[in-house]
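Proteins get letters first, then strands, A, B, ... in listed order; numbering begins at 1 in each. Quantities reported herein were computed from a predicted structural model and do not represent experimental measurements.
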Number of protein chains: 2
Amino acid sequence: MIQKLIQKIQKTHAPIVVGLDPMLSYVPAHIQKRAFEEHGETLEGAAEAIWQYNKEIVDHVYDLIPAVKPQIAMYEQFGIPGLMAFKKTVDYCKSKDLVVIGDIKRGDIGSTSAAYAVGHLGKVKVGNNSFAGFDEDFVTVNPYLGTDGVKPFVDVCKEEKKGLFILVKTSNPSSGEFQDRLIDGRPLYELVGEQVAKWGEDCMGDDYSYVGAVVGATYPEQGKVLRKIMPKSFILVPGYGAQGGKGADLVHFFNEDGLGAIVNSSRGIIAAYKQEQYAKYGEEHFAEASRAAVEAMIADIGTALERAK
Amino acid sequence: MIQKLIQKIQKTHAPIVVGLDPMLSYVPAHIQKRAFEEHGETLEGAAEAIWQYNKEIVDHVYDLIPAVKPQIAMYEQFGIPGLMAFKKTVDYCKSKDLVVIGDIKRGDIGSTSAAYAVGHLGKVKVGNNSFAGFDEDFVTVNPYLGTDGVKPFVDVCKEEKKGLFILVKTSNPSSGEFQDRLIDGRPLYELVGEQVAKWGEDCMGDDYSYVGAVVGATYPEQGKVLRKIMPKSFILVPGYGAQGGKGADLVHFFNEDGLGAIVNSSRGIIAAYKQEQYAKYGEEHFAEASRAAVEAMIADIGTALERAK
């Protein structure tokens, strides 16, 4: 799957991923209205609204991008119907040949981590059959529990040729509370980064490992250091756009081959129609605004990478 | 909810929680057979089997215990049908007046953490209505992302009178990889424990905060220290029984009032019938074996606490 991700990045010239994190407040009124007419103002109605919203965005951007990153929390908040919309979104994106990164940030130990890994990346055995529960291509994993928590995910990835992005330095303001604390003179996130490199060593595609890392765009200096600590790991970079990261901040997340990072934008793309810059599209044509925002993001990052050469 | 938990502990004299972490391999053959006859060897069949298994155990132990802790990963691995069985289990346990601790180990930032909190502890708004997605009483939370990740959970708890257990020192062998690393001469888990105490300060029930911590039974010395760092926090203690923790190891997790901790056992209770000690019950009467195992656990911890007085 890491090879597919790389090939798609090279083909689209777009090291970007669109975060499908639908808040109900982003969904245009006409879509909400239609969904509520059919299902009432219920969890099913909300789930239908976010699914239709996602579908229209995906239809308008899938040819420009290599990957999407649905954030499961935004679906899970609507209970079972929400999770059905998550699954529908994953399946639909895969049918469009997009690489799907499930932003699930799971992490537990032993057989429990194995259950998450099986449910999201692998297949679970039931009698003589086996079934994929959610079937994403990559998932994000929380490292706080150590190797016991990560290894079951790595094992499933080896079997299924899938991949991981492990939280190293997150994009939020308080990420330093624990992640920046110094251990033998070095911040915790560097130690986690070293572990990511180690976990990824025997999980290699051609040039990159399928065990990657999450490092926030909001911390470019830390990204520079982590790039060197994990030379073979792909870095998933959230925090571009709405959270404040800019193309120029991102160059150090990439290697000299122009690869090694994939930058996420969620709200900046899926709710682009709410920005002044894209207001001309109007709410009805929200997905065209998303397409324009994707094109602008590709140009911004492309220019920054070009300048850094 | 912390008051309800305390009252139920005092009434049952059982500071214990039964972990409903059903592996399909634990479910007796006759239950699997019935479920598969009805639904085939499918995700629905597996979900039905674990639900029936849970129900029979709950029916046999609910009067002895204050709380259950379903581990969502064990359901999530069976996709949507599995999560429906999770919800059914939560609802059923609540109908039996048990406190339900959703072992979900979620953790993200800002609006994403808020979405998890709303989905598991609160209510989500859809138009003019609001709905509870999963509606547990407590959930477990991963602290790696710092205050940004925890605060949205705390906010929902305040509103809904619910509670949290935040991972501090987990029970697994490799938990020390990051959690034990020294920061200014003190292990990371102590710093996380201090934060838990701080987050919990303005979240007080009568004597205890509804922001608690997870500390593994397998680390009794660390439990002793953390008990002092977080005097007002309830500690959820996994790792008893199958993972090696014993009653005598647990006394330091409690305060002098005999409260402040709740000890989880999963496999040791729900798959008790597989142990030599309870083999006489036979597979057919697996839930009676679970009841006997609960009684033995209550006695073990009760004796240990009595001796420590």
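A distance of 9.0 Å separates CZ in A:R181 from CZ in B:R186, rounded to the nearest 0.5 Å. Residue A:F134 holds its CZ atom at 5.0 Å from CG of B:L83, rounded to the nearest 0.5 Å. Taken to the nearest 0.5 Å, the CD atom of A:Q71 stands 8.5 Å off from the OG atom of B:S111. Going from atom CG of B:D103 over to atom CG of A:D108 covers 6.0 Å, rounded to the nearest 0.5 Å.
For residues 135-142 of chain A, heavy-atom neighbours of chain B at less than 4.5 Å comprise A:N142, sorted by residue number.
Residues B:T42 and A:V126 fail the side-chain proximity criterion, which asks for heavy atoms closer than 4.5 Å.
Ranked by heavy-atom pairs under 4.5 Å with chain A, the list B:G45, B:A117, B:A73 is led by B:A73. Across B:K87, B:K105, B:Q77, B:K123, the residue that shares the most heavy-atom pairs under 4.5 angstrom with chain A is B:Q77. Comparing B:G107, B:S175, B:P173 by heavy-atom pairs within less than 4.5 Å of chain A, the highest count is held by B:P173. In terms of heavy-atom pairs under 4.5 angstrom with chain A, the leader among B:S130, B:P143, B:G110 is B:P143.
When heavy atoms are compared at a cutoff of 4.5 Å, A:N128 approaches chain B by way of both its backbone and its side chain. In this structure, the portions of A:T112 lying under 4.5 Å from any heavy atom of chain B include both its backbone and its side chain. Both the backbone and the side chain of A:I183 come within contact range of chain B, with heavy atoms under 4.5 Å apart.
The aromatic rings of B:W199 and A:F178 stand perpendicular to each other, their planes meeting at an angle above 60°, with 30° marking the opposite boundary.
Using a distance-only test at 3.5 Å, with no hydrogens or angles considered, a donor-acceptor pair links the side chain of B:E177 to the main chain of A:T147. Between the side chain of B:Y144 and the backbone N or O of A:V168, at least one donor-acceptor pair lies under 3.5 Å. B:N172 contributes no side-chain N or O that, together with a main-chain N or O of A:I109, makes up a donor-acceptor pair within less than 3.5 Å. Between the side chain of B:E76 and the backbone N or O of A:Y116, no donor-acceptor pair lies under 3.5 Å.
Closest of all the heavy-atom pairs between A:D148 and B:S174 is OD2-N, 2.6 Å.
Taking the salt bridge (Lys or Arg N to Asp or Glu O under 4.0 Å) definition, one finds that A:E44 meets it with nothing, sequence neighbours left out.
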| task | Decide yes or no on side-chain contact (heavy atoms from CB on, under 4.5 Å) for A:L182 and B:D184, but give the supporting numbers first. | result | CA-CA 8 Å; A:L182 295 182; B:D184 300 334; 6.0 Å; no

